[in-house]
Amino acid sequence: MRNKEVAQKFYELAGLSELAEENPFKARAYLKVAQQIENLPVPVEDLAREGKLTSIKGVGKASANKILQYLNTGHIDKLEELKKKIPESLLELEKVPELGVRRAKILFDTLGIQSVESLKKAAMQGKIRNLPGFGEKIEKGILKGLEDMKNRQSERISIGIALPLAESIVDELKKYSPVEKIKICGSIRRMKGTIGDIDILVVSNNPVSVMDKFVSLGMVKNVIVKGEKKSSILSTENIQVDLRVVQRELFGAAIQYFTGSKEHNIRIRELANKRNLKINEYGVFDLNTNKCIASETEESIYESIGLPWIPPEIREDSGEIELAIEGKLPKLIELTDIRGDIHLHSLYSDGMNSIEEMAQQALQLGYNYIAITDHARALGVANGLSIERYKDEKKEIEQLNRKFAPFKIFFGTELNILSDGRIDFSDEELNLFDICLAGIHSGMNQEKGKITNRIINAMSYNSVRAITHPLGGIIGRRNNYDVDLDSVFKEAQKRDVLVEINASSQRLDLNDINARRAKEIYNLKFEIGTDAHSIDGMKDMRYGIGVARRAWLTKSDVINAFSLEEFEEFIGKR
DNA sequence: GCCGTTTTCGGCCCGACTGTTTTCAGTCG
């Protein structure tokens with residue numbers, strides 16, 4: 001799949017087109033193409049082959065030809081032409097805080113600055129402050145920005161870090177009486193797997209005091225901007241936090257605006273324009289009378305342009321608006337739909353809690369069942385179990401089942417897909433278990449064909465019902481292994497094997513885009529498992545649900561949203 | 001460059017904050 005690569009080329013086209021001062025709407029058009037292709041659930045090559053490129057929203061004839069040229073020849077004439085006019089390195093310059101297209105262009109035109117290095121030199125020599133539109137503060141800001149860029153979280157951070165941090169800020173601010181209402185918005189509310197910054201919205205009739213409080217919180221490292229309505233700080237963990245304060249009557253409009261995504265909001269505002277309305281963070285306004293016709297609730301904002309409320313997780317302009325117009329939005333799965341967690345580790349292998357403790361936690365979470373799936377023998381580092389030790393575990397589970405009935409603990413295993421594609425035990429030995437999951441835990445650097453075949457071969461075992469963490473990445477620490485997901489999905493479809501949405505905030509694997517593809521193209525079913533190694537880890541289910549909702553999954557797509565009876569029937573099916 | 005049940009040409013989302021300005025441009029989200 002070459003979507004990322006093609007998208008990247010259109011990002012370059014957009015940036016260079018802007019720098020070359022072409023029609024600014026052209027750059028926006030390129031940007032839109034880039035974003036659409038990046039989020040496309042199918043390989044762009046497939047659409048190209050079928051001549052369906054212009055069916056992508058925002059892709060017209062000219063862009064389609066550019067995509068075709070790139071896929072066939074590896075270059076785009078238009079892009080080469082722009083690069084002759086504008087040095088590519090200016091795209092890097094634009095990323096420096098304080099700099100955008102205009103200022104980058106001025107720096108290049110007047111001082112010939114093309115690179116981050118020459119920028120730093122010129123700023124240190126005080127050459128920048130005298131340029132038109134620049135000044136001493138901007139020059140200093142650039143130097144500081146260059147410094148910050150080194151320290152800043154270069155990658156987006158996992159939602160598993162961002163959400164708890166956001167929640168702790170909310171808890172702090174809640175204690176402060178001028179704060180009437182408070183809500184986390186932005187990409188966290190949309191449950192994106194990785195987060196750029198934290199957005200928080202507050203209702204208060206004393207915004208100044210709330211801002212003072214906010215910038216003096218213990219986790220504030222420095223203040224980026226501070227105003228009456230909006231402030232931004234950098235946390236001690238180098239994560240940017242934006243706070244916005246509005247009046248009570250404007251809460252709905254502000255939540256809608258502040259939740260995004262940007263692309264979704266642009267579409268919403270375009271729709272409003274067609275109805276002679278204007279939407280901003282203060283409400284929906286009739287352009288004739290300038291009167292506000294909605295602002296208090298999010299529902300009213302959507303209603304004013306003839307749409308039902310759209311769940312935040314799918315506000316990405318990836319088809320939700322079209323379906324909303326038709327009134328055909330699916331009812332997405334919810335955390336409360338989950339009836340059990342079927343990927344769990346206990347003290348028997350490398351977990352931190354006993355099976356009984358895991359069961360108690362599951363009852364706390366309102367589940368009807370769990371499956372304990374300790375590692376199998378080949379995973380020595382994780383204290384993987386032999387058949388004999390599994391038999392002991394089974395006995396303990398049977399005892400606990402008598403104690404906890406009607407709650408049920410299923411006896412499972414997470415098998416290892418070995419480097420040659422075999423798994424730890426034979427199908428005959430695997431009859432011991434209620435449910436077998438299998439995943440790759442070693443040989444992750446093998447080449448694509450080999451890894452893909454290993455997973456496909458693992459699915460040939462009749463007992464294997466699900467593939468755990470299909471891509472194997474750990475956010476911020478380990479890349480995905482190189483696997484041809486489409487081949488895996490195809491085989492999973494053929495053999496009726498589940499794919500996992502690993503809900504651990506460290507993994508989120510499959511991610512939203514891949515899970516959506518698995519459902520829409522291959523009709524696969526899923527299990528959402530926390531892969532918890534402690535009772536605390538079981539709380540990560542909410543992240544898995546976030547992925548599932550972003551993938552447009554409904555309750556019926558997820559096996560552990562099945563009732564106990566339905567789940568038993570499912571695992572007994574073969 | 002894209003797009004259209006009010007448009008095949010003339011539009012293209014919207015506002016806060018900052019710094020450099022004397023009324024606004026640039027950046028950012």
Side-chain angles (χ1 to χ4, degrees), chain A residues 10 13-14 17-18 20 22-36 53-67 76 78 82 93-107 128-142 144-145 185-187 195-201 207 211 223-232 240-246 250 253-254 256-285 287 301 305-306 317 321 325:
Chain A
F10 277 85
L13 275 170
S17 166
E18 223 180 347
E22 294 188 320
N23 176 355
F25 295 106
K26 208 189 256 196
R28 245 191 64 185
Y30 288 140
L31 194 65
K32 172 136 197 181
V33 174
Q35 287 161 344
Q36 287 291 321
L53 284 172
T54 50
S55 71
I56 305 168
K57 248 193 146 29
V59 176
K61 219 171 170 184
S63 292
N65 283 334
K66 289 183 178 66
I67 296 170
I76 300 172
K78 172 80 186 178
L82 283 168
L93 222 54
E94 259 184 69
K95 291 182 192 152
V96 178
E98 308 281 342
L99 297 187
V101 185
R102 300 304 316 159
R103 288 181 187 153
K105 191 78 195 322
I106 291 171
L107 288 168
I128 288 176
R129 60 182 67 181
N130 299 322
L131 296 176
F134 287 78
E136 210 179 324
K137 286 215 170 167
I138 290 181
E139 188 178 77
K140 278 188 184 154
I142 289 171
K144 186 169 179 312
C185 296
S187 51
I195 304 297
D197 61 12
I198 294 173
D199 299 308
I200 299 174
L201 184 69
M211 289 307 183
V223 179
I224 300 168
V225 293
K226 182 176 172 228
E228 219 175 281
K229 299 180 169 171
K230 181 182 154 184
S231 296
S232 299
Q240 183 171 329
V241 186
D242 297 340
L243 186 80
R244 190 118 178 184
V245 183
V246 297
L250 307 178
Q256 199 287 322
Y257 157 76
F258 216 20
T259 296
S261 68
K262 193 173 159 187
E263 292 73 25
H264 173 89
N265 282 356
I266 288 175
R267 285 293 307 283
I268 293 295
R269 289 168 186 192
E270 282 170 0
L271 281 183
N273 280 350
K274 284 181 190 150
R275 296 180 168 234
N276 218 18
L277 300 170
K278 179 178 80 169
I279 298 183
N280 58 29
E281 56 260 59
Y282 302 111
V284 184
F285 296 86
L287 280 175
I301 305 294
I305 52 170
D317 189 22
I321 292 169
I325 291 171

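These numbers come from the heavy atoms of this one structure, side chains and all, not from hydrogens, waters or symmetry mates. Convention: sequence-line order gives letters A, B, ...; per-chain numbering from 1.
At whole-Å resolution of the value, CG in Asp242(A) and P in dT27(B) are 18 Å apart. The distance between atom CZ of Arg103(A) and atom P of dA25(B), rounded to the nearest whole Å, is 13 Å. Residue Lys274(A) contributes atom NZ, which lies 12 Å from atom P of dT7(B) at whole-angstrom precision. Distance CG (Leu131(A)) to C1' (dT20(B)): 13 Å, rounded to an integer number of Å. Here the C1' atom of nucleotide dC2(B) and the NZ atom of Lys66(A) are 12 Å apart, to the nearest Å. Atom CZ in Arg102(A) sits roughly 8 Å away from atom P in dT27(B) (whole-Å rounding). dG15(B) atom P lies 15 Å from atom NZ of Lys262(A), rounded to whole Å. Residue Phe258(A) contributes atom CZ, which lies 14 Å from atom C1' of dC14(B) at whole-angstrom precision.
OP1 and OP2 of dG29(B) both lie 4.0 Å or more from every side-chain N or O belonging to Ser232(A). Within the structure, every side-chain polar atom (N or O) of Lys230(A) is placed at least 4.0 Å from both OP1 and OP2 of dA16(B). OP1 or OP2 of dC14(B) has at least one side-chain nitrogen or oxygen of Asn273(A) nearer than 4.0 Å. Residue Tyr282(A) has a polar side-chain atom (N or O) positioned under 4.0 Å from OP1 or OP2 of dA16(B).
Of the candidates dC2(B), dC13(B), dA16(B), dC2(B) carries the atom nearest the Ala29(A) side chain, counting heavy atoms from C-beta on. For Arg269(A), the listed nucleotide lying nearest its side chain is dC14(B); candidates were dG1(B), dC14(B), dG29(B). Among dG19(B), dC12(B), dG29(B), the nucleotide with an atom closest to any side-chain atom of Ile138(A) is dG19(B). Distances were taken from every side-chain heavy atom of Lys278(A) (C-beta onward) to each of dG4(B), dG15(B), dT18(B); the shortest belongs to dG15(B).
Across dG1(B) and dT6(B), the matching C1' atoms stand 24 Å from one another, rounded to whole Å. On the P atoms, dC12(B) is 29 Å away from dT18(B), given to the nearest whole Å. Taking atom P on both nucleotides, dA16(B) is separated from dG11(B) by 25 Å, rounded to a whole Å. Separating the P atom of dT20(B) from that of dG26(B) is a span of 14 Å, rounded to the nearest Å. Comparing the C1' positions of dG4(B) and dG15(B) gives an interatomic distance of 28 Å, to the nearest angstrom. On the P atoms, dT8(B) is 16 Å away from dC3(B), given to the nearest whole Å. Look at the C1' atom in both dC28(B) and dC13(B): the space between them is 14 Å, to the nearest Å.
dG11(B) and dC2(B) make up a base pair, with Watson-Crick or G-U wobble contacts both under 3.5 Å.
Among the protein residues, Lys229(A) comes within range of the sugar-phosphate backbone only, with heavy atoms under 4.0 Å from sugar or phosphate atoms but none that close to a base. No contact: Lys32(A) has no heavy atom under 4.0 Å from any strand. Counting any heavy atom pair closer than 4.0 Å across all strands shown, Arg267(A) reaches no nucleic acid atom. Residue-level contact check: Glu98(A) touches the backbone only, with heavy atoms under 4.0 Å from sugar-phosphate atoms and none from bases. Within the 4.0 angstrom heavy-atom criterion, no nucleotide atom of any strand lies near Ile268(A). No engagement by Asn265(A) is indicated, since no non-hydrogen atom pair under 4.0 Å with the nucleic acid exists. Within 4.0 Å (heavy atoms only), Val33(A) reaches no atom of the nucleic acid at all. Within the nucleic acid shown, Phe134(A) comes within 4.0 Å of sugar-phosphate atoms alone, with no base atom in reach, counting heavy atoms only.
The OG1 atom of Thr259(A) sits 8.0 Å away from the CG atom of Asn265(A) when rounded to the nearest 0.5 Å.
Judged by distance alone, with hydrogens and angles left aside, Asp199(A) brings no side-chain donor or acceptor close enough to the base of dG29(B) to form a pair under 3.5 Å.
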